[in-house]
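Input: a single structure, listed below in structure tokens.
Everything quoted here is computed from the prediction, not taken from an experiment.
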Amino acid sequence: VINSSRNLTNIGTGSFAGNVTISAGSSYPLQVSSTQRYQLQIRNPNNTTNSSFGWWLAHDTNFNFVVHADGAGDRLNLHL
């Protein structure tokens, strides 16, 4: 749904094929919000070891930034 401010809302779940470009001019182009610790997964589906494994970006309530690897746990923690 595109609201009166031309924002896309309530898109639910789904997937995109091909490339997606987000251009927001001088505003923040992408914000991810969830009650889950892990916010964004980056993975390569052609991974020959385990195509469902990937890297997750997360943050904790104390503002720590975390890079987590599936099957290997947290690999980088930045404590601020």
Side-chain angles (χ1 to χ4, degrees):
V1 176
I2 299 177
N3 66 17
S4 61
S5 298
R6 297 187 305 161
N7 293 317
L8 185 61
T9 60
N10 300 321
I11 61 173
T13 60
S15 61
F16 295 97
N19 297 322
V20 175
T21 300
I22 301 172
S23 177
S26 62
S27 65
Y28 299 106
L30 177 65
Q31 296 180 27
V32 179
S33 178
S34 173
T35 58
Q36 300 295 318
R37 180 180 190 225
Y38 302 105
Q39 299 287 314
L40 180 66
Q41 183 185 39
I42 302 166
R43 67 182 179 92
N44 178 356
N46 292 323
N47 177 349
T48 58
T49 302
N50 189 330
S51 63
S52 65
F53 278 20
W55 290 92
W56 288 91
L57 301 182
H59 78 88
D60 294 324
T61 55
N62 58 0
F63 301 105
N64 293 343
F65 176 75
V66 179
V67 178
H68 174 91
D70 285 336
D74 293 348
R75 306 313 277 171
L76 172 68
N77 288 284
L78 297 176
H79 302 276
L80 304 175

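Atom CZ of Phe65 sits about 11.0 Å away from atom CG of Asp60, to the nearest 0.5 Å. The distance from the CG atom of Asn62 to the CG atom of Asn64 is 3.5 Å, given to the nearest 0.5 Å. Interatomic distance, CH2 of Trp55 versus CG of Leu40, reported as 14.0 Å (0.5 Å rounding).
When the side-chain hydrogen bond (donor to acceptor under 3.5 Å, both in side chains) test is applied to Gln41, the partners found at least two apart in sequence or on another chain are Asp70. Applying the side-chain contact (heavy atoms from CB on, under 4.5 Å) rule to Ser26 yields no partners; only residues at least two apart in sequence or on another chain are considered.
Taking both residues in full, the closest heavy atoms of Phe53 and Arg43 are given as O-CB, 3.4 Å, listed atom of the first, atom of the second, then distance.
Inter-residue side-chain proximity for Leu57 and Val66 is flagged as unmet; no heavy-atom pair is nearer than 4.5 Å.
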